[in-house]
Structures are given as C-alpha cells and as structure tokens.
Amino acid sequence: MRIAMIGSGYVGLVSGACLADFGHEVTCVDSNAEKIAALKRNEIPIYEPGLDQLVKDNATAARMFFSTDLAAAVGNSDVVFIAVGTPSRRGDGHADLSYVYAVAREVALALKGFTVVATKSTVPLGTGDEVERIIREINPAADVAVVSNPEFLREGSAIGDFKKPDRIVIGLSDDRARAVMTEVYRPLYLNQAPLLFTARRSAELIKYAANAFLALKISFINEIADLCEVTGVDVQEVSRGIGLDNRIGSKFLHAGPGYGGSCFPKDSLALVKTAQDLGSPLRLVETTVAINDQRKRGMARKVIAACGGNVRGKTVAILGLTFKPNTDDMREAPSLSIIQALQDQGAIVRAYDPAGMAAARSLLNDVHFSENAYDAAAGAHALVVVTEWDAFRALDFNRLGKAMATRILVDLRNVYRSQDVAGLGFAYFSIGRPASPLEPKQAPK
Ligand code: UDX
Ligand code: UDX
C-alpha cells in the first residue's frame with residue numbers, strides 16, 4: 001500500500017518505519033522542515049532503541065520517504081495516518097486538537113481517489129466524526145473513509161510493541177476501509193495479532209480507557225506502597241502476590257515516584273474532562289490524576305526526611321531525569337517536580353541521565369549536569385535514583401560512598417535492597433519498604 005504518515009514524532013516515525021518494514025511505501029510528512037531535513041540525512045530526532053537502523057534500512061530500500069509537502073504525499077496515498085501531537089490544552093486539560101483539525105483541512109484538499117484517513121494520535125471520543133465532517137465540508141466530492149487506529153506503543157520499546165502488539169484496534173464502518181486496513185496490517189495479522197474491528201467511537205474510547213486503567217493500576221500500587229511503609233510490609237512482595245492472579249497480572253505493579261510521559265498524564269486528564277463534559281464523571285480516574293500529581297511532589301519530602309528533615313545548603317545528586325528508561329523524553333517526568341521542590345527547600349542539585357540531559361537543560365535551572373553517576377555523587381549528602389536506567393543497576397557503592405559527604409541513598413524505583421548497601425554504611429530509603437536500620441546521622445563519612 002502507499003501510505004502517508006502525517007506527523008513524524010515519537011508515534012509517526014516509529015509507525016511509519018514499521019509499516020515500511022512490512023513492505024509498504026511510506027512517506028513521513030511533518031510541518032517541521034528542520035526535522036524533515038534531518039531525517040533525509042538519516043539523523044533521527046528522537047531516542048528510541050533500534051529506530052535509527054530501521055529508518056536507515058527502509059529509506060535505503062526506497063520504502064520510506066520524508067517530505068514537508070503534505071498535499072503531494074496525500075494525493076499519492078491509499079491510506080493517510082494522522083499522527084500529529086494532541087498535547088494537553090493550556091489550562092483546562094482538554095486535548096488540543098488544533099493540529100489534528102489543521103491536518104484534516106489540508107488532507108481534504110489533497111485527496112485523490114478512494115482514500116482511508118486514519119487517526120493514530122490519541123484523540124477524544126467523537127474526534128473521528130469531526131474530522132470526517134471537516135473533510136466532507138471542504139471536499140464534498142471526496143471518496144474517503146475516516147477510521148480510528150490508535151497505537152499502544154511504549155516509549156523505549158515502541159518498535160517491539162508495534163511489531164508484536166497484543167491487538168490492533170481499528171474503528172470503522174466502511175467495508176472498503178476494512179479491506180484496506182486489513183491489507184495494511186496483513187504482516188501482523190499473519191503473526192496472529194488479533195485485528196479488532198470496532199465502531200469508530202469505541203476505538204477512540206478504547207485508547208483512553210486503556211491508558212487511564214494503566215495509570216489507575218500504577219496509582220493503586222503506589223498507594224499500597226504508602227500503606228506498606230507504615231506497616232513494615234514489602235510492597236514488592238505484595239505486587240508479586242497479587243500479580244500472580246491472572247485476573248490482575250504482574251505488569252504495571254511497580255511502585256515508584258508516580259507516572260510521567262506524554263500519554264498517561266495527558267490522556268487520563270483528557271478522559272476526565274470528556275466524561276465531566278458529558279455529565280458522566282469518572283471519579284476513579286479523577287482520583288488517579290490527583291494521587292499522581294501529589295505523589296510526584298511528595299517524593300521530595302521523602303528525600304528531605306532521609307536527609308534528617310532539612311536540605312538547605314545540602315547537595316542532592318539525582319540519578320535519572322527522563323520519565324522512564326530508554327527514552328530521552330522529559331514530558332511530565334517526576335524528576336522535574338522533585339528537583340523543583342528540593343531547590344525550593346534550598347538544596348543544591350547535581351544530576352545525571354544517560355539520554356535526557358539535552359532535553360532537561362531547557363526545563364531545569366541551577367542544576368549541575370554531571371558526566372556520570374559518580375560525578376553527580378561528588379560531595380552529595382544524598383543520592384536519589386529517580387529513573388531506573390540500566391546504568392544505575394550496578395553502582396559501585398564503595399566508590400560512591402567515598403565521593404559523598406554523607407551516605408544516604410533514596411531509591412525511588414526499588415532497584416536495590418537495604419542489605420545491598422547497609423554493609424557500606426549507607427542509610428537506605430525506598431518505596432513501600434522499611435527504611436534501613438542506619439539513621440542518617442550515623443551514616444559515617
Ligand atoms: C502524538 C500525540 O502527542 C499523542 O497524543 C498520541 O498518543 C500519539 O501521537 P507524539 O508522536 O509523541 O504523540 O507527538 P509529538 O512527539 O508531539 O510529534 C508530533 C509531530 O507532528 C511533531 O513532529 C510535529 O512537528 C508534527 N506536526 C504537528 C505536524 O507535522 N503538523 C502539525 O500540524 C502539528
Ligand atoms: C504508555 C502506555 O504504556 C502505552 O500503551 C501508550 O501507547 C502510551 O503511554 P509510555 O508512557 O511510553 O506508554 O511508557 P510506560 O512504560 O507505559 O510508562 C508510563 C509511566 O508509568 C512511566 O513514568 C513509568 O515510570 C510509570 N510506570 C510504569 C510505573 O511507575 N510503574 C509501572 O509498573 C509501570
């Protein structure tokens with residue numbers, strides 16, 4: 001099939017490269033000319049494991065092209081995917097659909113022959129109806145079918161998630177569109193990935209409901225972790241014990257500093273707003289959002305308590321800035337709230353992240369960006385693991401201890417256990433588990 005992918009961000013670029021790898025001819029379009037120019041030079045603007053090779057291979061094989069000319073790409077395509085950003089709208093938390101609608105208007109004018117227009121960006125329930133109305137209003141003669149095809153890609157594992165999905169959801173009502181979309185995903189279909197055809201609005205709600213449920217599941221275990229901390233229980237034992245029930249499942253039961261990223265925060269908030277507007281509020285999701293917002297800020301209090309209740313003039317080393325490992329994405333990262341709150345209490349912050357430093361520099365002030373974990377720990381009164389990068393999973397605590405002013409480790413991702421560091425004189429604090437026996441004041445130099 002000939003495919004136009006409008007929007008070459010995290011989702012558009014991964015989806016375009018994977019569809020090209022299936023053998024389709026894909027043109028990735030973006031309004032950002034620098035981004036397109038970089039892609040033409042095989043420079044990938046985002047950090048996604050395996051993406052640079054996949055793009056290079058498919059561009060070399062002349063299955064993947066890059067352009068700012070949306071009209072030409074659409075005119076030559078059987079399927080047009082809309083994968084532009086749908087960020088939270090300033091102030092009210094609704095999804096900002098201005099980019100989606102702007103693209104719909106441009107697409108309407110460029111359609112030639114029967115074309116399927118598929119929204120891949122996460123868009124609120126009913127957006128497909130509006131996109132179809134816009135297209136038919138601008139180009140009444142257009143032979144078009146507007147479908148919903150949401151993605152379920154996780155950053156850092158997006159290519160794997162695209163190629164081995166649990167399901168492909170396609171919301172439509174047009175038989176010709178069904179045949180086209182079946183053809184688009186045939187390689188996956190052959191891999192037995194279920195192709196789930198639903199009504200268009202169902203597909204839109206499935207995406208939001210999935211993200212909101214996953215966000216809720218994380219907030220659930222995060223609250224259980226708080227209960228564990230006041231009862232001396234180990235939350236990891238609780239996670240494992242409930243997760244073995246296949247009705248619950250063990251995924252997304254890792255207690256942490258709260259969820260971040262470009263999706264969970266934005267999508268749960270947008271769903272809450274949609275539901276409120278429709279007079280059917282989702283109180284569980286509203287509470288999930290509130291729990292998560294408070295939690296990210298609350299993590300700084302845990303660090304301050306670990307430092308004896310005061311960080312004024314003290315140095316705190318932050319390991320990990322991105323919202324999760326294997327990405328450079330800083331959107332809604334817990335580190336942003338944690339660092340701001342610590343600085344508000346007078347802490348001096350040093351930080352290191354394997355991939356997020358460039359993005360973080362424009363978001364943080366007065367932070368010393370370090371070369372590596374050991375450089376970050378120099379003179380630090382506390383070391384805080386915020387993102388569980390592999391680089392932080394086997395730290396040399398002997399070496400760290402010698403570099404630090406006091407040996408306090410706050411592990412917000414439960415990467416370690418207190419026995420891993422107690423022998424080296426570290427006071428150890430983590431999430432949902434008893435603090436280490438050492439008191440901060442006893443932590444030897
Ligand atoms: C996007 C949505 O933000 C998200 O809600 C959905 O889950 C998946 O698609 P992402 O790919 O991360 O996620 O968006 P972003 O990284 O912002 O990339 C969007 C791209 O579209 C950018 O490269 C932007 O330049 C481009 N764009 C935006 C256009 O080409 N045209 C426009 O009119 C607006
Ligand atoms: C998510 C959804 O998983 C994906 O299906 C959707 O398409 C986009 O949003 P993403 O946000 O990229 O993907 O990352 P994910 O791995 O889901 O993590 C989201 C956040 O939850 C991260 O901040 C992560 O640290 C946090 N998380 C995840 C936890 O705190 N605990 C967990 O057990 C899992």
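What you are looking at is a predicted structure, and each value in this text was computed from that prediction instead of being measured. When reading the values below, keep in mind they use all heavy atoms of this one structure, side chains included, and skip hydrogens, waters and symmetry mates. Each ligand, and each atom within it, is numbered from 1 in the order the structure gives.
With a heavy-atom cut-off of 4.0 Å, His254 touches ligand 2 through backbone and side chain alike. Contacts between Glu151 and ligand 2, counted as non-hydrogen atom pairs separated by less than 4.0 Å, involve both the backbone and the side chain. Within the 4.0 Å heavy-atom criterion, the part of Leu153 lying near ligand 2 is the backbone and not the side chain.
The closest side-chain donor-acceptor pair between Asp353 and Thr322 falls under 3.5 angstrom.
For Phe66, there are no ring pair (Phe, Tyr, Trp, His ring centres under 6.0 Å) partners, not counting sequence neighbours.
Side chains of Arg167 and Leu195 form no contact here, defined as non-hydrogen atoms less than 4.5 Å apart.
Cation-pi geometry between Arg350 and Phe369 is not met: the NZ or CZ atom fails to fall both under 6.0 Å from the ring centre and inside 45° of the normal. Geometric assessment of Arg331 against the ring of Phe323 yields a negative cation-pi assignment under the 6.0 Å and 45° thresholds. Taking the ring centre of Phe197 as origin, the terminal cationic atom of Arg178 falls inside the region bounded by 6.0 Å and 45° from the ring axis.
Residue Lys207 has at least one heavy-atom neighbour below 4.0 Å for each of these atoms of ligand 2: 6 (C), 7 (O). Close contacts between ligand 2 and Asn211 involve ligand atoms 2 (C), 6 (C) [criterion: under 4.0 Å to a heavy atom]. The contact set between ligand 2 and Arg413, taken as ligand atoms under 4.0 Å from a residue heavy atom, comprises 25 (O), 30 (O). Using a 4.0 Å cut-off to heavy atoms of Cys263, the atoms of ligand 2 that qualify are 8 (C), 9 (O). Residue-ligand proximity, Leu253 to ligand 2, at heavy-atom distances under 4.0 Å covers atoms 33 (O).
A salt bridge does not link Glu286 with Arg283: none of the charged nitrogens is closer than 4.0 Å to a carboxylate oxygen. A salt bridge is defined here as a Lys NZ or Arg NE, NH1 or NH2 lying under 4.0 Å from an Asp or Glu carboxylate O, and Asp226 with Arg295 meets this definition. In summary, Glu332 and Lys266 do not engage in a salt bridge, as defined by a charged side-chain N under 4.0 Å from a carboxylate O.
Looking at ligand 2, you won't find any N or O of Glu388 less than 3.5 Å from one of its N or O atoms. In terms of polar-atom proximity, defined here as any N/O pair under 3.5 Å, Tyr259 makes no such contact with ligand 2. Considering backbone and side-chain atoms together, Phe323 places an N or O closer than 3.5 Å to an N or O of ligand 2. Residue Gly258 has no nitrogen or oxygen atom sitting less than 3.5 Å from a nitrogen or oxygen atom of ligand 2, judged on distance alone. Considering backbone and side-chain atoms alike, Arg154 places every N or O at 3.5 Å or more from each N or O of ligand 2.
Which of Phe264, Phe152, Phe252 comes nearest to atom 2 (C) of ligand 2 through a heavy atom is settled by distance: it is Phe264.
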